[in-house]
Amino acid sequence: MNLVAEHVNCGYESTVILEDVNLAFTTGEVACILGPNGVGKTTMFKTLLGFLQPKSGKVLLDGQDCAHMSRREFAKHVAYVPQLHEPPFPYSVLDVVLAGRAAHLGIFATPAKEDYDKADEVLEELQVGFLRDRIFTECSGGEQQMALVARALVQDPQILVMDEPTASLDFGNQVRVLSCVQRLAMTRGLGVIMTTHNPDHAFLCCQRAVLITRDRKILDGHVDSIVTENNMRQAYGIEVKVTEAISDEGERIKTCVPILSSTVEARVSETRRR
């Protein structure tokens, strides 16, 4: 299954944020969307998910125009994991996860035994079954994020869209969530589209990167060809060094390191010119 933006202009009311977006995301692939604040990452996400209608062009799901699909039908194939949020009521983790079954239930139907079984199965798959009866708002940030991933997975999607899944998480929980993303793509064959502000996340668990630069140019390709020193400089306006670390097993892992001294000097020089 694939989710395709075909000559799409994204924006709000009369304002176009991104022009002529042509991207295709498919199952079995983890794609990372990078770029500085304000360039249109969220706008593109909302358009892919149908929260915003394209100004022009089409968003297609396996060749079918999403504009002609019901939200329920779309949700059977594409699931969304938002950034962390707190629900207004103290729901249990199980209740939060069961909400993901809505696309498979009738309008007035309530979850049946098979829906509860599905929720338990997914919680166990994510190794957080112990959270089942906990109050969602009393869980840690990492636990809440895993519950939201579980809610998305009980939809039985082929494509998972994640909006900054590691935002506000500590270092350990970031790694746990990224490991989960990688595992889901490998074991379930899911297509995963995720945004992040950390280019290292692309190196850790993604095969593909989509980088939106400050002038809203979209660069798309293999992670190694997109997350480069020159592209990071163009996108973020800072100096970086892409280097490698070597694991105990001898695996080479790339990392993107900001060069603070050059950044500070550039800012001082710019201030003096003014």
Side-chain angles (χ1 to χ4, degrees), residues 30-37 41-42 45 80-86 93 96-97 122-131 134-153 160-187 190 192-212 223-224 226-229 231-233 235-264:
V30 182
C32 183
I33 299 177
L34 297 160
N37 292 331
K41 298 190 302 297
T42 299
F45 242 36
Y80 174 51
V81 180
Q83 293 185 39
L84 281 178
H85 70 284
E86 287 199 4
V93 167
V96 169
V97 174
V122 169
L123 286 169
E124 290 298 331
E125 179 186 1
L126 296 178
Q127 300 174 10
V128 289
F130 63 92
L131 296 177
R134 293 263 301 275
I135 300 301
F136 180 83
T137 52
E138 295 176 1
C139 294
S140 70
E143 291 169 342
Q144 289 182 359
Q145 189 67 65
M146 295 302 286
L148 294 179
V149 173
R151 183 181 68 179
L153 290 181
L160 190 62
V161 181
M162 310 180 81
D163 187 10
E164 296 185 36
T166 59
S168 303
L169 298 185
D170 65 35
F171 186 67
N173 279 318
Q174 287 184 35
V175 174
R176 292 183 186 96
V177 170
L178 293 175
S179 296
C180 172
V181 169
Q182 187 178 57
R183 187 170 65 251
L184 289 171
M186 293 176 62
T187 61
L190 283 178
V192 180
I193 312 166
M194 56 176 278
T195 60
T196 181
H197 284 296
N198 190 336
D200 281 347
H201 293 172
F203 287 134
L204 284 172
C205 68
C206 302
Q207 299 86 37
R208 176 181 170 197
V210 176
L211 175 64
I212 307 176
V223 171
D224 290 342
I226 298 299
V227 185
T228 65
E229 295 170 2
N231 287 345
M232 292 293 100
R233 187 184 305 115
Y236 295 97
I238 61 172
E239 294 295 327
V240 303
K241 181 69 175 178
V242 175
T243 186
E244 289 184 343
I246 301 178
S247 71
D248 292 341
E249 293 77 23
E251 181 185 2
R252 293 182 177 272
I253 304 169
K254 284 192 172 182
T255 184
C256 190
V257 182
I259 310 300
L260 295 182
S261 58
S262 299
T263 304
V264 172

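Computed from a predicted structure; not experimentally measured.
From R151, atom CZ reaches atom CG of L153 across 11.5 Å, with rounding to the nearest 0.5 Å. Here F45 contributes atom CZ and T195 contributes atom OG1; the two are 4.5 Å apart, rounded to the nearest 0.5 Å. The distance from atom CD of E239 to atom CE of M232, rounded to the nearest 0.5 Å, is 12.5 Å. If you take OG on S140 and CD on Q145, they are separated by 10.5 Å, rounding to the nearest 0.5 Å. A distance of 9.5 Å separates CD of Q127 from CD of E125, quoted to the nearest 0.5 Å. The CZ atom of F203 sits 9.0 Å away from atom CD of E244, with the distance rounded to the nearest 0.5 Å.
In terms of the side chain to side chain contact (heavy atoms under 4.5 Å, CB included) criterion, residue partners of Q174 (sequence neighbours excluded) are, by chain and number, T166, L169, H201. In this structure Y80 satisfies the ring pair (Phe, Tyr, Trp, His ring centres under 6.0 Å) test together with F51, sequence neighbours excluded. Evaluation of the side chain to side chain contact (heavy atoms under 4.5 Å, CB included) rule for T228 yields N230, N231 as partners, not counting sequence neighbours. With sequence neighbours excluded, the residues satisfying side chain to side chain contact (heavy atoms under 4.5 Å, CB included) with A31 are F25, E29, R208. Shown here are the side chain to side chain contact (heavy atoms under 4.5 Å, CB included) partners of I226, two or more places apart in sequence or in another chain: A209, L211, L219.
Looking only at distances, no side-chain donor or acceptor of K41 sits under 3.5 Å from a matching main-chain atom of I33. Between the Q144 side chain and the F136 main chain, a donor and an acceptor come within less than 3.5 Å of each other. E229 places a side-chain N or O within 3.5 Å of a backbone atom of V242 that can act as its donor or acceptor partner. At least one donor-acceptor pair under 3.5 Å links the side chain of Q207 to the backbone N or O of V30.
Taking 4.5 Å as the limit, every side-chain heavy atom of V93 sits out of range of all side-chain heavy atoms of V128. Side-chain contact between E143 and F130 is present, with heavy atoms from C-beta onward closer than 4.5 Å. Side-chain contact between D200 and C256 is present, with at least one heavy-atom pair separated by less than 4.5 Å. Under the 4.5 Å side-chain criterion, counting only non-hydrogen atoms from C-beta, C139 is not in contact with M146. Put simply, the side chain of T196 reaches to within 4.5 Å of the side chain of L34, judged on heavy atoms. Taking 4.5 Å as the limit, some side-chain heavy atom of L126 sits within range of a side-chain heavy atom of C180. Here the side chains of L178 and M194 are in contact, with some heavy-atom distance below 4.5 Å.
V227 and A202 make their closest contact through CG2-CB, 4.3 Å (heavy atoms, listed as atom of the first residue, atom of the second, distance). Of all the heavy atoms in V181 and M162, the pair that sits closest is CG2-SD, 3.6 Å.
Within the structure, side chain to side chain donor-acceptor pair (under 3.5 Å) pairs that include any residue of residues 175-185 comprise N173-R176 (at least two apart or interchain).
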